[in-house]
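Note that this is a predicted model, so its numbers are computed, not measured.
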Amino acid sequence: MKGSIEAASNGARENPYIVLETSLMKELDRLSLMTNSRCIHPVSPQLRLVCEKAYTPQLVSVGPLHHGKQALKRMEEHKMRYLRYFLGRTNLSLMHYIEKIKDQEAELRSCYSQTIELKSDEFVKIILVDAIFIIEFLFRSWYSQLLEESDCLFGSPRLANHVWLDLLLLENQLPFFILEDLFDPDIFPFPSNYSNRLEGVESLSMIFLSHYFLDKAGVFIGATGMVPNLETICCSEVKVQHFVDLSRRFYVAPILKPESTRRPIGLTKPSIEELNQAGVQFKVGHSSNSLFDIKFKGGILEIPKLRVLGSTETILRNLVAFEQCNFASGQRYISDYIAMMDYLVDTPKDVGFLLSMELLKVG
């Protein structure tokens with residue numbers, strides 16, 4: 001031992017940069033791999049500066065990025081209760097699920113764009129506990145007969161709404177594949193009279209429960225408020241990455257075809273008032289349920305009705321943040337829609353006009 005210390009000391013004297021090299025090599029070894037699976041990103045400082053609250057969980061942390069924050073710690077005990085309920089329905093041991101996460105740890109870590117500075121056991125615990133919490137929460141949302149009076153989340157609609165919104169924040173995501181891997185429909189029995197609520201699917205699945213959850217959470221604000229069906233959303237060969245990605249598909253999937261491409265176009269910036277003064281007429285679009293189905297023909301601008309709920313701003317801000325991190329400029333459909341509406345709606349008078357023409361519905 002004494003000899004190795006002396007050797008290191010002698011080496012440092014011979015080359016004073018050895019210590020620096022060793023330190024840098026350790027940092028390089030800790031870096032996560034740059035892969036196509038990176039889909040969970042920190043929100044850029046520019047976006048966060050505008051509206052910090054829209055990107056910060058208020059009640060529950062999901063995944064490693066917000067884990068351990070003081071304001072979110074009270075939910076940790078409730079997560080453990082859900083884990084106990086989950087294990088009580090299965091014949092499999094806790095070790096079985098720990099090993100499932102451990103076997104996929106490298107792939108899970110690669111889904112986060114920044115290096116997760118957590119030891120293996122801590123990382124595996126966070127992913128397992130949070131994943132089971134989400135599975136239990138979604139199933140209880142769909143199958144209300146499982147609820148107990150002691151379940152504080154569903155005893156208070158306000159708390160449940162906070163959880164729904166927290167699950168839609170870009171920094172508060174788990175890779176969807178781990179939810180699907182842990183979900184087993186056989187341990188979630190429900191009476192036969194609930195079968196008609198499966199709405200055309202053969203069996204209970206994670207994607208079905210997620211679709212139901214996003215519908216209930218008011219993610220889709222299209223003209224009719226009716227969410228696209230699962231077949232439309234999941235027609236892509238690209239797998240769902242997480243809840244924010246699935247939310248985006250509610251808007252984007254109905255307008256895309258596998259072979260379709262879209263060229264970016266320049267936008268002029270007249271407001272509603274300026275267009276109205278120029279003689280442009282406005283009409284509510286009813287031809288589809290897509291917010292993007294905007295048409296201008298014969299001096300008439302046809303715009304689908306926009307439904308604005310209390311959660312709309314937070315949902316859209318996180319969708320825009322996701323597009324900025326994951327998609328090229330020609331594929332940022334929601335960001336482009338928001339930019340166009342920002343051009344159109346420039347003053348309170350513009351908002352009033354949209355309301356009077358029933359192009360905008362609040363609530």
Side-chain angles (χ1 to χ4, degrees), residues 25-42 57 60-69 72-140 163 166-167 169-188 204-210 213 238-246 325-326:
M25 288 303 296
K26 287 181 179 179
E27 289 190 42
L28 293 175
D29 289 340
R30 289 197 299 266
L31 289 176
S32 58
L33 297 176
M34 294 285 287
T35 67
N36 292 333
S37 60
R38 291 154 63 97
C39 60
I40 303 172
H41 312 270
V60 60
S61 67
V62 173
L65 299 187
H66 288 275
H67 182 80
K69 291 189 175 179
L72 309 174
K73 283 187 175 180
R74 65 173 181 154
M75 278 300 299
E76 294 305 309
E77 183 178 339
H78 201 72
K79 290 180 187 178
M80 297 303 288
R81 290 195 188 98
Y82 274 15
L83 177 58
R84 184 174 61 188
Y85 292 139
F86 180 90
L87 293 172
R89 290 194 220 98
T90 177
N91 295 323
L92 300 172
S93 67
L94 177 59
M95 181 59 69
H96 168 81
Y97 293 102
I98 290 174
E99 290 175 347
K100 256 183 180 291
I101 304 293
K102 185 65 178 176
D103 290 345
Q104 302 175 85
E105 181 179 356
E107 185 177 359
L108 286 161
R109 285 181 180 269
S110 73
C111 293
Y112 293 88
S113 65
Q114 68 181 61
T115 301
I116 304 301
E117 300 284 357
L118 291 172
K119 292 183 178 179
S120 178
D121 284 356
E122 181 68 10
F123 180 79
V124 169
K125 178 184 175 181
I126 291 170
I127 298 297
L128 175 59
V129 173
D130 290 357
I132 299 304
F133 169 77
I134 291 173
I135 291 170
E136 279 284 327
F137 181 79
L138 265 57
F139 183 73
R140 289 162 184 254
V163 174
D166 282 349
L167 294 182
L169 307 182
L170 179 58
E171 295 181 349
N172 219 32
Q173 297 299 307
L174 290 182
F176 197 78
F177 76 83
I178 201 63
L179 299 177
E180 292 187 303
D181 195 29
L182 295 176
F183 181 79
D184 179 1
D186 293 335
I187 70 169
F188 289 100
L204 201 61
S205 66
M206 199 64 228
I207 193 70
F208 170 80
L209 289 177
S210 301
F213 149 67
V238 180
K239 292 184 178 181
V240 173
Q241 297 175 316
H242 44 61
F243 287 144
V244 179
D245 177 43
L246 185 57
C325 295
N326 258 55

### Query
Is the backbone N or O of F243 less than 3.5 Å from a side-chain atom of Q173, with the two atoms forming a donor-acceptor pair by type?
yes

### Query
Between N172 and V60, is there a donor-acceptor pair closer than 3.5 Å when you use the side chain of the first and the backbone of the second?
yes

### Message
Contact between P42 and Q114 at the side-chain level, heavy atoms closer than 4.5 Å - yes or no?
### Response
yes

#### Entry: Non-hydrogen side-chain atoms of L72 and K69 separated by less than 4.5 Å
yes

### Query
Does the D245 side chain pair with the main chain of V240, one donor and one acceptor, at a distance under 3.5 Å?
no

### Summary
Residue set satisfying side chain to side chain donor-acceptor pair (under 3.5 Å) with K73, at least two apart, ordered chain then number -> none

### Task
Verify whether one side chain among S120 and E105 offers a donor that lies under 3.5 Å from an acceptor in the other.
yes

### Query
From K125 NZ over to L118 CG, what is the distance, rounded to the nearest 0.5 angstrom?
11.5 Å

### Task
Give the minimum heavy-atom separation between L92 and T90, together with the two atoms involved.
N-OG1, 3.0 Å

### Task
Please tell me if the side chains of V129 and Y82 come closer than 4.5 Å, counting only heavy atoms from C-beta onward.
no

### Message
Looking only at the aromatic ring of each residue, does the gap between the centers of Y97 and F86 stay below 6.0 angstrom?
### Response
yes

### Query
Quick one: are the ring centres of F183 and F188 less than 6.0 Å apart?
yes

### K79 side chain vs S61 backbone, donor-acceptor pair below 3.5 Å
yes

### Query
Would H41 and N326 count as a side chain to side chain donor-acceptor pair (under 3.5 Å) if you check the C-alpha gap in whole Å, the side-chain angles of each, and the deciding distance to 0.1 Å?
CA-CA 9 Å; H41 312 270; N326 258 55; 2.4 Å; yes

### Query
So, is the end of the R109 side chain (NZ or CZ) under 6.0 Å from the ring centre of F123 and within 45° of the ring's axis?
yes

### Test log, rule side chain to side chain contact (heavy atoms under 4.5 Å, CB included), inputs Q241 and F177
CA-CA 7 Å; Q241 297 175 316; F177 76 83; over 6 Å; no

### Inter-residue atom distance L182.CG - I135.CD1, 0.5 Å rounding
5.0 Å

### Test side chain to side chain contact (heavy atoms under 4.5 Å, CB included) applied to I134 and L179, step by step
CA-CA 8 Å; I134 291 173; L179 299 177; 4.1 Å; yes

#### Entry: Atom of P64, atom of I126 and distance for their closest heavy-atom approach
N-CG2, 4.1 Å

### Query
Which residues pass the side chain to side chain donor-acceptor pair (under 3.5 Å) test with R89, sequence neighbours left out?
E136

### I116 vs L65 side-chain heavy atoms within contact, under 4.5 Å
yes

### Message
Give me the atom names and distance for the closest heavy-atom approach of P57 to L169.
### Response
N-CD1, 3.3 Å

### Task
Report the distance from atom NE2 of H96 to atom CD1 of I101, rounding to the nearest 0.5 Å.
10.0 Å

### Query
Which value, rounded to the nearest 0.5 Å, describes the distance between L167 atom CG and S210 atom OG?
9.5 Å

### Message
Within the 4.5 Å heavy-atom criterion, are M206 and F176 side-chain neighbours or not?
### Response
yes

### Message
Just verifying a value: how many Å separate N91 CG and D186 CG, rounded to the nearest 0.5 Å?
### Response
10.5 Å

### Query
Do L108 and I178 come close enough that some side-chain heavy atom pair is under 4.5 Å?
yes

### Query
K102 and E99: salt bridge (charged side-chain N to carboxylate O under 4.0 Å, His left out), yes or no, with the steps?
CA-CA 5 Å; K102 185 65 178 176; E99 290 175 347; over 6 Å; no

### Query
Is a side-chain donor or acceptor of H242 paired with a backbone partner of C39 at a separation under 3.5 angstrom?
yes

### Message
Nearest 0.5 Å, please: how far is CG in D181 from NZ in K100?
### Response
3.5 Å

### Task
For the pair F137 and F133, name the ring-plane relationship: parallel under 30°, tilted 30 to 60°, perpendicular over 60°.
parallel

### Query
Do L87 and I132 have side-chain heavy atoms sitting under 4.5 Å apart?
no

